[in-house]
Amino acid sequence: MIPLFKVAMSESAAGAVADVLASGSVGQGPLVKRFEQALAERLGNHRVVTVNSATAGLHLALRLVTDEPGQAPGEVLSTPLTFEATNFAVLANRLPIRWVDVDPQTLNVDLDDLARKITPATRAIMIVHFAGFPVDLARLSRILDDAEAAYGVRPVVIEDCAHAWGATYQGVPLGNHGNISVFSFQAIKHLTCVDGGLLVLPEDGWHRRARLLRWFGIDREADRLRKAPEVDEWGYKFHMNDVNAAIGLANLARVDEIVARHRANAAFYDRALAGAPGLEIIRRSEHHSPSYWVYPLRVQNRNAFVKRMDEAGIAVSQVHERNDRHPCVRQYRALLPGMDRVAEELICIPVGWWLSERDRQHVADVIRAGW
């Protein structure tokens, strides 16, 4: 079976972990600091905060922007096409969700629907760069300009970049477009720490606050042995440890190669599947450079497609179930015709670094032969 996902683990990771274990210091320490410095250099933004998962990062990001003194209650606009972590972080902050439809052409949030749904009650907007395909951030910024002119308040955008390490928008890495961005270093992402996440902040104030809140609101750099800490704002146990950071540093050395392989395989599929009957390739802008965590398609008769791929030894999946149908969010249901369409057609095929030229040719040949 050609797998849909595979762990990208550097051969040096085991030795790096062994060194940490032998050091006697395995919590948040010097390697977390080194990892943060390396990530900041890679992204070109010094305001980075590692956490123990992207889910924790999303939770913390929402806390930063929706729990401020004097702020009135409000809602969060979000997409239903994502892993549950995106939207359960909203619920964890005791905030209501207002669903925004999905654009079937891009699988990202429908920006026309988003513009219609922004109101004075909008506290934050969650967007997902699905499969590592960047949302049109320039158009989103213009929509926010209009909302600010109309309501006097500019909603904060949180970019869920869980699929999108290495992706760029207009030549600039995600994490540098004036929004809060959250990356995932979960097991099967391009860059893995086994588990972990990263907040990238646009403002120094949020950066300082996030560094405190990830560890109970306590300043870890203060001399707590000589003076008991005074906590002004309670926080969480969301910090990364040196074991995960050691793995992340080992894998960071080869992540550019990983992303490049994904892109090369995606370019092959773009050519090989162009014009194939019964499917639609997802639209991307030539001005953006996706990371292609997966290669999504919209196919007719998806059940038959999945059966044929299984017979041919090719793992496929829609990867994420639509979030708006869970009983726990029943109260927020809305008419989402774009999502309805995508839910019946979405499927993802293997595109990762592990594919050989023979593997990807086999995938393309089976698809073009029909199902």
TODO: Answer whether the closest heavy-atom distance between the side chains of V153 and E148 falls below 4.5 Å.
DONE: no
Which donor-acceptor pairs under 3.5 Å do side chains of residues 195-208 form with protein atoms, sequence neighbours excluded?
residue, atom, partner, partner atom, Å
D204, OD1, R47, NE, 2.8
H207, NE2, V48, O, 3.2

Side-chain donor/acceptor of R139 to backbone N/O of L111, under 3.5 Å: no
By ring-ring contact (aromatic ring centres under 6.0 Å, His included), F35 pairs with (sequence neighbours left out) F185
Atom CD of Q331 with >12 non-hydrogen neighbours under 6.0 angstrom: yes
Salt bridge R209-E233, side-chain N to carboxylate O under 4.0 Å: yes
Q: Inspect the contact between D242 and K33 and indicate whether a charged nitrogen and a carboxylate oxygen are less than 4.0 angstrom apart.
A: no
May I ask you to check whether E159 and H129 show a side-chain donor-acceptor distance below 3.5 Å? yes
E357 meets the salt bridge (charged side-chain N to carboxylate O under 4.0 Å, His left out) criterion, sequence neighbours left out, with none
Q. Is the ring centre of H163 less than 6.0 Å from the ring centre of H320?
A. yes
**OP:** Look at the side chain of D101 and the backbone N and O of G338, then say whether any donor-acceptor pair between them is shorter than 3.5 Å.
**Re:** yes
R368 meets the salt bridge (charged side-chain N to carboxylate O under 4.0 Å, His left out) criterion, sequence neighbours left out, with none
ask   = Any chain of hydrophobic side-chain contacts (each under 4.5 Å) joining Y332 to M126?
value = yes
Interatomic distance, CZ@R211 vs CD1@I218, rounded to 0.5 Å, equals 15.0 Å
Under 3.5 Å, is there a donor on one side chain and an acceptor on the other for S12 and S10? yes
So side-chain hydrogen bond (donor to acceptor under 3.5 Å, both in side chains) across residues 251-260, not counting sequence neighbours, yields R42-D256
query = Can the ring centres of H190 and H262 be said to be less than 6.0 Å apart?
reply = yes
- Would you mind reporting whether R333 and R325 have side-chain heavy atoms less than 4.5 Å apart? yes
CD1 (I247) and CG (L249) are apart, to the nearest 0.5 Å, by 10.5 Å
Exercise. Between N323 and E321, is there a donor-acceptor pair closer than 3.5 Å when you use the side chain of the first and the backbone of the second?
Worked result: yes
Could you tell me whether Y236 and H59 have their ring centroids closer than 6.0 angstrom? yes
> Are V17 and V7 linked, directly or through other ILVMFWY residues, by side chains that come within less than 4.5 angstrom of each other?
Replying inline: yes
**Asked** W371 side chain to N303 main-chain N or O, any donor-acceptor pair under 3.5 Å?
**Response** no
task: Could you tell me whether R322 and E344 make a salt bridge, using a distance below 4.0 angstrom between a side-chain N and a carboxylate O?
output: no
Quick one: does NZ or CZ of K189 land under 6.0 Å from the six-membered ring centre of W165, within 45 degrees of the ring axis? no
In this structure, would M339 and V76 fall into the same cluster of hydrophobic residues linked by side-chain contacts under 4.5 Å?
yes
* Verify, without hydrogens or angle tests, whether N244 (side chain) and C193 (backbone) share a donor-acceptor contact under 3.5 angstrom. => yes
So that I know where these two stand, are F5 and W354 an aromatic pair - ring centroids less than 6.0 Å apart?
no
Is the side chain of T66 donor-acceptor paired with the backbone N or O of L62 at a distance under 3.5 Å, no angle test? yes
_Atom CZ of residue position R34 - does it have more than 12 heavy atoms of other residues, nucleotides or ligands inside 6.0 Å?_
no
Here the gap from Q186 atom CD to T55 atom OG1, rounded to the nearest 0.5 Å, amounts to 9.0 Å
Practice problem: Indicate whether the side chain of N241 and that of Q28 have a donor and an acceptor atom separated by less than 3.5 Å. | Solution: no
message = Does E11 have more than 12 heavy atoms from other residues, nucleotides or ligands lying within 6.0 Å of its CD?
response = no
Anything under 3.5 Å between a donor and an acceptor, one on a side chain of residues 263-275, the other on a protein residue two or more places apart or in another chain? List them.
residue, atom, partner, partner atom, Å
R263, NE, S289, OG, 3.3
R263, NE, P290, O, 2.7
R263, NH2, G166, O, 2.7
R263, NH2, S289, O, 3.3
R263, NH2, S289, OG, 3.2
R263, NH2, P290, O, 3.3
N265, OD1, R360, NH1, 2.9
N265, ND2, R261, O, 3.3
N265, ND2, V351, O, 3.1
N265, ND2, G352, O, 2.8
Y269, OH, P350, O, 2.7
D270, OD1, R284, NH2, 2.6
D270, OD1, Y295, OH, 2.6
D270, OD2, R284, NH2, 2.5
R271, NH1, A267, O, 3.4

Note to self: For residues I127 and L77: do they belong to one hydrophobic cluster (side chain heavy atoms under 4.5 Å, members Ile, Leu, Val, Met, Phe, Trp, Tyr)?
What the structure shows: yes
Any donor-acceptor pair under 3.5 Å from D324 side chain to V329 backbone
no
| query | Do V157 and L174 belong to the same hydrophobic cluster, where Ile, Leu, Val, Met, Phe, Trp and Tyr are linked whenever their side-chain heavy atoms lie under 4.5 Å apart, directly or via other members? | reply | yes
message: If we count only N and O atoms by modelled type, under 3.5 Å, do the side chains of Y169 and N176 hold a donor and an acceptor together?
response: no
Less than 4.5 Å apart, any side-chain heavy atom of P80 and any of V102? yes
Minimal heavy-atom distance between F183 and A164, with the atoms involved, is CE2-O, 4.0 Å
Can you confirm whether H362 sits close enough to I314 that some side-chain heavy atom of one is under 4.5 Å from a side-chain heavy atom of the other? yes
Next on the checklist: If we ignore hydrogens and angles and just use 3.5 Å, is the side chain of D103 paired with the main-chain N or O of Q105 as donor and acceptor?
Outcome noted: yes
Note: R116-D113 ion pair, threshold 4.0 Å (strictly below) = yes
For T119, is there any backbone N or O sitting under 3.5 Å from a side-chain donor or acceptor partner on T122? yes
Note to self: Using a 3.5 Å distance criterion without hydrogens, assess whether the side chain of S141 forms a donor-acceptor pair with backbone atoms of A138.
What the structure shows: no
